[in-house]
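By convention in this document, chain letters (A, B, ...) are assigned in the order of the sequence lines, proteins followed by strands, and residues within each chain are numbered from 1. Remember, predicted model here, so these are calculated numbers, not experimental data.
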Number of protein chains: 2
Amino acid sequence: MQLFAYGRPRITLYTHSTRNRPMALNHAIMTALLDDRLSGYELTKSFDTSLGFFWKASHQQIYKALRDLEKQGLLESEDVPQAGKPDKVIYGLTDAGREALEEWVLGESRVTESKDDMFVKFYNLSPDNAAHLREELAERRRQDAARLALYQRIRQRNYAEPTALPVRRQGIYLALLAGIRHCETRLAWAEEADALLAAVTPAQSVAAR
Amino acid sequence: MQLFAYGRPRITLYTHSTRNRPMALNHAIMTALLDDRLSGYELTKSFDTSLGFFWKASHQQIYKALRDLEKQGLLESEDVPQAGKPDKVIYGLTDAGREALEEWVLGESRVTESKDDMFVKFYNLSPDNAAHLREELAERRRQDAARLALYQRIRQRNYAEPTALPVRRQGIYLALLAGIRHCETRLAWAEEADALLAAVTPAQSVAAR
DNA sequence: CTATTATATGCAACAGTTTGCATATCCACC
DNA sequence: GGTGGATATGCAAACTGTTGCATATAATAG
């Protein structure tokens, strides 16, 4: 009787396994705690700006990650009673946390490519939906413009002379610069795209006359 | 006795609910099937190039999505026996599928921001890891350069004169252009970043002397 | 006085993605 | 004769992220 009916058992080498690489949200949180001790609430808000350009997270995710990281001994917490506000729990990096973070930086990076419906929609362009796509595009432009303005302000205030900054701040500057360039590129593209869409749209209004 | 101990029951309006918006992978697949009838295997490969810049999917995801979409009547399938190769199943859009796709385009878009470890790592820049980050950056440059070259080739071959193209092809051109601009921007940024990192790295080799 | 907003934390269900594994054929290369 | 790679499809578990809901205090706006 043959128990292993199909082929022979295989030996797998796990050469490119990512199993042991924990999700980067944890590391993003630890990064945010490098300088400051913060509560989950404060982290949630700070994720909306600075680091948030590269990593979005909901408060549910963040609170859970904080508890997990504390269980692993990478963070320590402190209960802070407050008057006039609900009590909060602030978290800080432990030495083990700092070490784990440094080690993580030296590992391989994982990229989760962005997924954007809008581009898939462009593959479906027709006179029927061109007007709608222009609207979506206009909304994006507003968002990108707002974000760009914010990042430009931050740059001028805190990163005007990058080479004069301490090393770590130079790294943050580069990330910020990537964000700025990204917004600029999208805005320039949106202008080109809008011009082309505008040439498509009138066909509909003519047909609808 | 008070059964609803905490506060009063709330009425929620679901004004910005996204519950009924199905994931875009399904729509990306349907989009890829607009012109051609393809098998899961072929779709997986085509996702690696064209649409893949905006939407990555594994073969496991794609095969499952295809079966789901067929169950919903949005796709139809046909078994194709092959000589010298395993048989395959090719899928095509049904009329219902085409309609559903057109309707989806007119809805709101969802953006899943890209998540890239590398930028989080830049927030941790130090002389200890600057060399490692330069390596990662160099690897990204190779990838971006390769992708850019591919997209440039596609552009020259098929989209040299965008305004002369049929409407839908113009939409694809715009998506392609976004991909090109994106790669170019990242490459330009990587150059700047590398220059700054280079100024950080030597400090280590001097210290290590 | 009531509604809203900000502060502050959390659970549970669900949706979506990744990873590991499984199966099978045929071709090319060494 | 075996190894590796391309073709072709699929299951199941683990992981990650989103959504809806729950709870509580206090300030502010109307």
What donor-acceptor contacts under 3.5 angstrom involve side-chain atoms of residues 150-157 of chain B, with partners at least two apart or in another chain?
residue	atom	partner	partner atom	Å
B:Arg155	NH2	B:Tyr173	OH	3.3

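Side-chain N/O atoms of A:Lys85 include none lying less than 4.0 angstrom from OP1 or OP2 on D:dA24. Here B:Gln82 does not reach the OP1 or OP2 of D:dT7: none of its side-chain N or O atoms lies under 4.0 Å away.
Across the protein-nucleic acid pair, A:Arg67 atom CZ and C:dA12 atom P stand 11 Å apart, rounded to whole Å. When the C1' atom of D:dA22 is taken as reference, atom OH of A:Tyr63 falls 14 Å away, rounded to whole Å. Per the geometry, CG belonging to B:Leu43 stands 12 Å off P belonging to D:dA8, to the nearest Å. As a whole-Å value, the separation of A:Lys88 NZ from C:dG10 P is 14 Å. For the pair B:Leu25 CG and D:dT16 P, the interatomic distance rounds to 20 Å; values are reported in whole Å. What separates CG of A:Leu66 from P of C:dA8 is a distance of 14 Å, to the nearest Å. Distance B:Glu70 CD to D:dT9 P: 12 Å, rounded to the nearest Å. One interatomic measurement links the two molecules: NZ of A:Lys56 to P of C:dG16, which rounds to 20 Å at whole-angstrom precision.
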- Task: Please report the C-alpha distance between A:Glu76 and A:Thr94 in whole Å, then the side-chain angles of each, then the deciding distance to 0.1 Å, and finally whether the side chain to side chain donor-acceptor pair (under 3.5 Å) criterion is met.
- Result: CA-CA 6 Å; A:Glu76 56 185 9; A:Thr94 62; over 6 Å; no
- Item | Pair A:Glu70-A:Ser77, side chain to side chain donor-acceptor pair (under 3.5 Å): steps then yes or no | CA-CA 7 Å; A:Glu70 190 181 17; A:Ser77 72; 2.7 Å; yes
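Closest approach to the A:His59 side chain among D:dA24, D:dT9, C:dG10 is made by C:dG10 (side chain taken as heavy atoms from C-beta onward). Among the nucleotides D:dT7, C:dA8, C:dT17, the one closest to any side-chain atom of B:Lys45 is D:dT7. Distance from the side chain of B:Gln61 is smallest to C:dT18 among C:dT18, D:dT25, D:dT7. Picking from C:dT19, D:dA8, C:dT7 the nucleotide with the shortest atom distance to the side chain of B:Ser58 gives C:dT19.
Rounded to 10°, the angle separating the first-five-pair axis and the last-five-pair axis of the helix from C:dC1-D:dG30 to C:dC30-D:dG1 equals 30°.
B:Phe53 does not carry B:Arg147 over the face of its six-membered ring by the limits of under 6.0 Å from the centre and within 45° of the normal.
Annotation: side chain of A:Arg140 is in contact with side chain of A:Asp116 (closest heavy-atom distance under 4.5 Å).
Electrostatic pairing of A:Lys64 and A:Asp68 counts as a salt bridge here, judged by a charged N lying under 4.0 Å from a carboxylate O.
Going from atom CH2 of B:Trp189 over to atom CG of B:Leu137 covers 5.5 Å, rounded to the nearest 0.5 Å.
The base of C:dG20 lies close enough to the side chain of B:Gln60 for a donor and an acceptor atom to sit less than 3.5 Å apart.
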